[in-house]
Amino acid sequence: MALLFVKMVGALFIFLIPNIFQIYGEIPTTLEGPFNPVTVPLDKSFRGHAIDLPDNDPRVQRNVTGFEPEQISVSLSSTYDSVWISWITGEFQIGENIKPLNPKTVASVVHYGKFRYPMSHKASGQSLVYSQLYPFEGLQNYTSGIIHHVRLTGLKPNTQYYYRCGDPSIQAMSEIYYFKTMPVSNPKSYPSRIAVMGDLGLTYNSTSTVEHLRSNKPDLILLVGDVSYANLYLTNGTGSDCYSCSFSDTPIHETYQPRWDYWGRYMQPVISKVPIMMVQGNHEIEEQAQNRTFASYSSRFAFPSKESGSSSTFYYSFNAGGIHFIVLGGYVAYNKSDDQYKWLEKDLANVNREITPWLVATWHPPWYTTYTAHYREAECMKVAMEDLLYQYGVDIVFNGHVHAYERSNRVYNYNLDPCGPIYIAIGDGGNREKMAITHADDPGNCPEPSTTPDEFMGGFCAYNFTSGPAAGKFCWDRQPEYSAYRETSFGHGILEVKNETHALWTWHRNQDMYNKVGDQIYIVRQPQRCPVKPKVSKNSPVGRDDFCLTTKGPMDMMKLKDRIIQL
């Protein structure tokens, strides 16, 4: 009997070895890093086609009547047992003489349940109307339709729910849609696929990005800022690839708000079923009368701000299975004395890494980019917040803003660090401004330091480097060692967390077939090597060292098998 067991174990070992190399042999892991920097040459044939969908495209036209719901979307609350349903009723108005609709005239109701018929639950919410007003003669003002937000509570984890939204009293209800809740938060439970994209816009390249994304069947979408690019248009509907180049004499930076409605209509088939989480970008600033900003962004989408202890739509947090996401605002005060920093410090201190081992942060302007566009633009935010994120062991950071793809090695304070986050800039969704091409480390491309601070936030923190390969300089003279991979191309990414230590990251280029990858790597956490604040207990998930081929007996072999199955 003992001999038979030994033979079985031996056969299992032989069977498992190829699987180990299949997992780790073909796809690199961050444990093999830091990697030598790679730059993929520009494919010039994929440049210059970022053309906006016109307003007569059937996908952006209004196809409901009266107060029937449109622009329906789902977003997460802070935990799996709650989601937000959002939609718009009534038509927007644009012109000189506009009269806002009265939100109180249409109810905000969602019927929902685990079955199409009957839907056993009902929830009510709140509604609002926002306006985009200009204090200059000749500019057209805008007022939205009625925007509804309803929070559904008491939901079961990892469960599909059906819903209808609208106002049943006036027979203005939507069709039946469905969504799936997030898994319960624990180290063994994760969404299958999380799609990440940035700087999307509404071009024909944007539609390619969205179609690629849909083919990957994500459970959650993270849009890291710059949504509709309505601010590339004047209020009369005239658009441009470069606002400041084409409209340099405008008294205020105008926007054409109907582009938001077009974007919501186009995206409804996706985001009425797959939850989407929004991050503010610079194209959402949209200045108007009385210095008001971000009116559309803050009104159209629901955010788990209150649920996560935040008083702002610009920064909040939420769980998706064993992942804790932190959304930060690059265009709102972030210094230690400011509310955002205090909220972040409190939120990080409350993260239980035994429940949500993975900690992912996201905001729009990247701290680590090697492209000329927006090079070191967010340095003041980096100076204020990087230490805090490092101390609490943030694993991955997603940014947008730069219209290209770049993945870093593990980095902290511009130095390679095995405990630093992996930074991924994915601002290549397909917007009208086209791609970022030039690198700051190429000869003659280093920006003048005084031109780099963000105009909206102000402040100057990007000084010459004092140590390392770029000591005494503002830019490297070669691709920095912290930059592992960069490529100029439109695309999106998919994050697949496998267990408490391993996550597969894949970047897909739009020009490729759906089953081809542009960049792929296993991101591996090492909690034993990189203790975080607050310190994890002895029972916390183990690191990479526990996954080795050294075995001391049959039970160890069984543990090895279980470990591989988890992957």
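Remember, predicted model here, so these are calculated numbers, not experimental data.
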>> Let me confirm one number: the OH-CE distance from Tyr316 to Met278, rounded to the nearest 0.5 Å.
In response: 8.0 Å
>> Using the ring centroid of each side chain, check whether Trp476 and Tyr482 are separated by less than 6.0 Å.
In response: yes
>> Please tell me whether Tyr375 and Phe474 form a close aromatic pair, meaning their ring centres lie under 6.0 Å apart.
In response: yes
[X] side chain to [Y] side chain, donor-acceptor N/O pair below 3.5 angstrom:
X	Y	result
Asn236	Thr238	yes
Thr255	Tyr134	yes
Glu487	Tyr485	yes
Ser246	Ser240	yes
Asn352	His324	no
Glu287	Thr293	no
Asn445	His439	no

Look at the rings of [X] and [Y] and say which category their plane angle falls in: under 30° parallel, 30 to 60° tilted, over 60° perpendicular.
X	Y	result
Tyr130	Tyr142	tilted
His492	His212	perpendicular
Tyr405	Trp505	parallel
Trp263	Phe301	perpendicular
Phe325	Phe318	parallel

> Thr313 and Ser298: side chain to side chain donor-acceptor pair (under 3.5 Å), yes or no, with the steps?
Replying inline: CA-CA 6 Å; Thr313 59; Ser298 295; 3.0 Å; yes
Side-chain contact test, heavy atoms from C-beta onward, threshold under 4.5 Å: evaluate it for [X] versus [Y] and give yes or no.
X	Y	answer
Val411	Asp417	no
Leu495	Ile396	yes
Leu234	Thr250	yes
Tyr412	Cys419	no
Phe247	Asp249	no
Glu377	Pro453	no
Tyr204	Leu53	yes
Met277	Ile221	no

Assess whether a salt bridge exists between [X] and [Y], defined as any Lys/Arg side-chain N lying under 4.0 Å from an Asp/Glu carboxylate O.
X	Y	result
Asp387	Lys336	no
Arg432	Asp241	yes
Asp395	Arg353	yes
Asp338	Lys342	no
Asp441	Arg486	yes
Arg376	Glu379	yes

> Hey, which of Val74, Leu223, Leu220 is the one that makes side-chain contact (heavy atoms from CB on, under 4.5 Å) with Ile276?
Replying inline: Leu223
> Sub-3.5 Å donor-acceptor pair from the side chain of Gln391 to the main-chain atoms of Leu388, do we have one?
Replying inline: no
>> Just to verify, which of Phe303, Trp260, Tyr331 counts as forming a ring pair (Phe, Tyr, Trp, His ring centres under 6.0 Å) with Tyr297?
In response: Phe303
>> Quick check on ring pair (Phe, Tyr, Trp, His ring centres under 6.0 Å): which of Tyr368, Trp367, Tyr423 does Tyr414 satisfy it with?
In response: Tyr368
> Does the pair Phe398 and Leu222 meet the rule for a side chain to side chain contact (heavy atoms under 4.5 Å, CB included), with working shown?
Replying inline: CA-CA 9 Å; Phe398 290 115; Leu222 184 66; 4.1 Å; yes
> What closest approach, in Å, do Val224 and Val196 show between heavy atoms, and which atom pair accounts for it?
Replying inline: CG1-CG1, 4.4 Å
> Closest heavy-atom contact between Gly459 and Cys380?
Replying inline: C-SG, 3.9 Å
